[in-house]
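Structure first, then comments.
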Number of protein chains: 2
Amino acid sequence: MPKNKMIQTAEQVETLLKRNHLSVTDSRKKILQLFLEQAGALAHGDIEKRAGERFDRVTVYRTLQSFVDKGIIHTIPTADNSVRYALCKDDCEEGHHHDHHIHFLCIKCNNTYCLDDVVTPEIKLPKGYTISHVEVVVDGICKNCGT
Amino acid sequence: MPKNKMIQTAEQVETLLKRNHLSVTDSRKKILQLFLEQAGALAHGDIEKRAGERFDRVTVYRTLQSFVDKGIIHTIPTADNSVRYALCKDDCEEGHHHDHHIHFLCIKCNNTYCLDDVVTPEIKLPKGYTISHVEVVVDGICKNCGT
DNA sequence: AATATTTTGCAACAGTGTTGCTTTTTGTTA
DNA sequence: TAACAAAAAGCAACACTGTTGCAAAATATT
């Protein structure tokens with residue numbers, strides 16, 4: 001990564017933290033940076049690994065939780081019982097979710113992507129049901145892994 | 001529950017197990033009966049509780065796994081990182097899934113239902129993505145909890 | 001009824017996530 | 001910039017979930 005890009009990201013990270021009234025700490029900077037550098041979603045395990053074993057497990061959990069609370073990242077439900085977190089482009093960076101996009105899980109590279117441009121379709125339920133939220137998770141092969 | 005209904009269910013359970021080439025054991029009978037008596041989905045924890053503390057945790061896990069393998073039940077992904085299992089009416093009892101229905105999670109009673117009549121909608125993805133499976137989970141209030 | 005096969009229960013373990021508490025770091029105010 | 005208050009990190013311990021290997025028990029088969 002070119003040096004000026006890195007500096008830019010570091011500034012971006014600090015701004016993002018301050019904007020969300022979070023004190024700027026090493027772990028928050030590092031973990032947020034991981035999300036910004038990464039197109040897909042990250043599981044807790046990924047983060048521990050990529051952060052270079054520098055932070056305590058508990059710190060990572062608490063950092064992720066604070067990010068979720070502030071609306072910087074959001075969780076993605078998966079079938080395999082592992083929580084994944086994603087920082088969505090655009091709106092989500094501003095601190096409020098527009099979580100009506102679908103999630104895509106590549107069965108080849110095992111990455112999870114937020115497809116921000118694909119909105120969740122209307123679902124018609126039988127009488128008596130009230131809809132509060134619709135979550136769509138699509139499994140398949142992503143455009144990087146497809147021929 | 002009336003006595004003849006119970007006997008009927010017991011027979012139904014044995015038939016179902018034998019049809020799937022599973023030996024008829026106490027735990028399998030009891031756990032399968034739980035699914036037949038219950039409209040919604042069950043988490044591992046629910047099953048341990050409702051079975052009356054009679055079976056080892058490991059046995060419950062293995063029983064559920066064998067049911068999934070045989071196609072008697074299927075798993076439902078949830079946002080809260082807990083796997084739920086559901087026996088779907090009709091086709092699924094025959095040993096093969098028609099898992100194109102959506103799942104509904106009531107935020108009041110916390111039950112999960114398979115809405116067999118509601119099929120998953122078509123999802124259009126950007127070029128380059130190949131769809132293998134679409135999972136739709138809707139949160140809201142079920143018809144029992146709605147006024 | 002005897003035997004082979006399958007399943008159960010137990011013990012131990014790994015992974016994931018949480019809580020309480022002390023030390024360290026961050027932010028603030030003088 | 002030094003001193004202080006507030007917040008976060010790190011550590012230890014714990015709870016929960018799920019898995020594996022193995023001996024004992026139950027089921028299926030002859």
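Every chain is numbered from 1 and lettered A, B, ... according to where its sequence line falls, protein lines coming before strand lines.
- Note: CG (A:Leu64) to P (D:dA8) measures 14 Å, nearest angstrom.
- Counting only heavy atoms from C-beta on, A:Val58 has its side chain closest to C:dT19 among C:dT19, D:dA9, D:dT27.
- The shortest distance between the side-chain N/O atoms of B:Thr59 and the OP1/OP2 oxygens of C:dG9 is below 4.0 Å.
- The residue among B:Gly45 and B:Val24 whose nearest nucleotide of DNA chain D is located toward the 5' end is B:Gly45.
- OP1 or OP2 of D:dA8 lies within a sub-4.0 Å distance of a side-chain N or O belonging to A:Ser23.
- Between the CZ atom of A:Phe55 and the C1' atom of C:dT24 there is a distance of 14 Å, given to the nearest Å.
- Across B:Leu105 and B:Val137, no two heavy atoms sit closer than the pair CD1-CG1, 4.2 Å.
- Among the heavy atoms of the strands, none lies under 4.0 Å from A:Ser66.
- In this structure, B:Lys18 places its NZ atom 16 Å from C1' of C:dT6, rounding to the nearest Å.
- In this structure, A:Ile107 CD1 and A:Ile141 CD1 are separated by 5.0 Å, a value rounded to the nearest 0.5 Å.
- Comparing C:dT18, C:dT8, D:dG18 by their closest approach to the side chain of A:Tyr61 singles out C:dT18.
- Both A:Phe67 and A:Leu34 are members of a single hydrophobic cluster when ILVMFWY side chains are connected at heavy-atom separations under 4.5 Å.
- Residues B:Val58 and B:Tyr85 are members of separate hydrophobic clusters, defined by side-chain heavy-atom contacts under 4.5 angstrom among Ile, Leu, Val, Met, Phe, Trp and Tyr.
- Here D:dC11 presents its C1' atom at 11 Å from CZ of A:Arg57, a figure rounded to the nearest Å.
- Atoms CG (B:Asp26) and C1' (D:dA26) sit 9 Å apart, rounded to a whole Å.
- Distance A:Asp69 CG to D:dA7 P: 15 Å, rounded to the nearest Å.
- When rounded to the nearest whole Å, the span between CD of A:Gln65 and P of C:dT16 equals 17 Å.
- A residue-by-residue look at B:Arg62 and A:Ser27 shows that A:Ser27 has its nearest nucleotide of DNA chain D further toward the 5' end.
- Residue A:Thr25 places at least one side-chain N or O under 4.0 Å from the OP1 or OP2 atom of D:dA9.
- B:Arg28 comes within contact range of the sugar-phosphate backbone alone, with a heavy-atom separation under 4.0 Å but no base atom that close.
- If you take NE2 of B:His44 and P of D:dT19, they are 10 Å apart, rounded to a whole angstrom.
- Taking each heavy atom of B:Ile123 and A:Ile102 in turn, the nearest pair found is CG2-CD1, 3.9 Å.
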